[in-house]
Amino acid sequence: MNTATAQRIVSLDFCADQYVLKLVNPDRILALSPDATKAFSYMRDAAQGVPTVRPVAEDTLVLQPDLIVRSYGGGPNATRLFERAGVPVVQIGWAGDLADIRRITGEVGAALGASEEAAAVIQDIDLRLAALQSPDNAARLLYITPSGTTTGPGSLIDALITRAGLTNFETTPGWRSLPLERMVDVQPDLFAAAFFDDPGRSLDAWGVMRHPVAEAALQGRPRIDFDSAWVSCGGWFAVDALEALNAAAQARLQP
């Protein structure tokens, strides 16, 4: 089957939900994931009223979809399982930077028969990137979450920080707990806080964010609060976070 003509599309996770809701007409959407209307779903308003389905084979196949879109929903064997059942799957790849987001948007758009819609999203990304200032200052920004997790080089967050003209305080690649030992001697100039608006991710009384070193570092320093949906998964909406970071970088250069 040509996936571009699918009329009964099921999305299995909220990352896939974003692309389906953005790129295809609602009358082609059979069901979304249960997280489609959550606070961390960027397209949550568009998801209102659309049926949802648990990302398990039995519940999905009974709907008789003619296309499944997924990022991680259904587990590691989902694509093989659904294709064996005769249902094609569009697999959304992992985005490590803005170039990946542009590429994935185009690929998903083509697979969904929505190349024009995808091209419009990519054009908007490019226009917004071109409008960014290039302060290129050495201000050190630390990305924080309620769990006390941060990230260094090799992640989308790091790509956004550097593209905004800031320096990532975390220099170790990958995801890890806040670098409390380093923060004792050298403190970040500002913070980007994500998922603090999500009621399901409140601060743990015993977590890293409650540590005196972390609390002291936060005192009196600028903090950029992200809408959790900006960085919950890789998509065009990451540009919202980038613009907030770039604005903060520019503000530091003002007299």
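Only heavy atoms go into these numbers, but all of them, side chains included; no hydrogens, no water, no symmetry mates.
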Between the main-chain N or O of [Y] and the side-chain N or O of [X], is there a donor-acceptor pair closer than 3.5 Å?
X: N25; Y: D27; answer: no
X: S155; Y: T151; answer: no
X: D189; Y: A139; answer: no
X: T162; Y: A159; answer: yes
X: Q7; Y: T5; answer: yes
X: R28; Y: L112; answer: yes
X: D100; Y: G96; answer: yes
X: T167; Y: R140; answer: no

Discussion item. Between the side chains of E243 and R128, is the shortest nitrogen-to-carboxylate-oxygen separation below 4.0 Å, so that they form an ion pair?
Written reply: yes

Fill in: Basic-acidic side-chain contact under 4.0 Å: D97, R163
no

Worksheet item: More than 12 foreign heavy atoms under 6.0 Å from CD of Q48: is that the case here?
Response: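 Check passes, neighbour count above 12.
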
Fill in: Over 12 non-hydrogen atoms of neighbours within 6.0 angstrom of CZ in R54
no

Is it possible for you to say whether [X] and [Y] belong to one hydrophobic cluster, with membership spreading through side-chain heavy-atom contacts below 4.5 Å?
X: L63; Y: I68; answer: yes
X: I92; Y: L23; answer: yes
X: W230; Y: Y19; answer: yes
X: I9; Y: V89; answer: no
X: V10; Y: V50; answer: no

Worksheet item: What class does the angle between the rings of F226 and Y143 fall in, given that below 30° is parallel, 30 to 60° is tilted and above 60° is perpendicular?
Response: tilted

Worksheet item: Can you find a pair of side-chain heavy atoms, one from K22 and one from E117, that are under 4.5 Å apart?
Response: no

Practice prompt. For residues D66 and V87, determine if any side-chain heavy atom of one lies less than 4.5 Å from a side-chain heavy atom of the other.
Written response: no

Separation between [atom1] of [X] and [atom2] of [Y], rounded to the nearest 0.5 Å:
X: T79; Y: L81; atom1: OG1; atom2: CG; value: 9.5 Å
X: T52; Y: L12; atom1: OG1; atom2: CG; value: 12.0 Å
X: N246; Y: L160; atom1: CG; atom2: CG; value: 11.0 Å
X: C233; Y: Q18; atom1: SG; atom2: CD; value: 5.5 Å
X: R182; Y: Q187; atom1: CZ; atom2: CD; value: 11.5 Å

Practice prompt. Show your reasoning for whether side-chain contact (heavy atoms from CB on, under 4.5 Å) applies to V56 and D59.
Written response: CA-CA 6 Å; V56 296; D59 291 8; 3.6 Å; yes

No-hydrogen, no-angle side-chain donor-acceptor test under 3.5 Å, [X] and [Y]:
X: R70; Y: S11; value: no
X: Y42; Y: D227; value: no
X: S33; Y: D13; value: no
X: Q64; Y: R8; value: no

Worksheet entry | NZ or CZ of R223 within 45° of F196 ring axis and under 6.0 Å | yes

Item to complete: State whether F14 and R44 meet the cation-pi test: NZ (Lys) or CZ (Arg) under 6.0 Å from the six-membered ring centroid, and within 45° of the perpendicular axis.
Response: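 Judged by the rule (NZ or CZ under 6.0 Å from the ring centre, within 45° of its axis), R44 is not positioned above F14.
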
Worksheet item: Can E107 and T105 be said to form a side-chain hydrogen bond (donor to acceptor under 3.5 Å, both in side chains), step by step?
Response: CA-CA 6 Å; E107 291 173 350; T105 301; over 6 Å; no

Fill in: Pair E170-T150, side-chain hydrogen bond (donor to acceptor under 3.5 Å, both in side chains): steps then yes or no
CA-CA 7 Å; E170 178 53 65; T150 189; 5.3 Å; no

Practice prompt. Go through the steps for L32 and T37 under the test side-chain contact (heavy atoms from CB on, under 4.5 Å), then give the verdict.
Written response: CA-CA 9 Å; L32 301 168; T37 58; over 6 Å; no

Practice prompt. Please lay out, stage by stage, how L129 and L132 fare under the test side-chain contact (heavy atoms from CB on, under 4.5 Å).
Written response: CA-CA 5 Å; L129 291 180; L132 295 176; 4.0 Å; yes

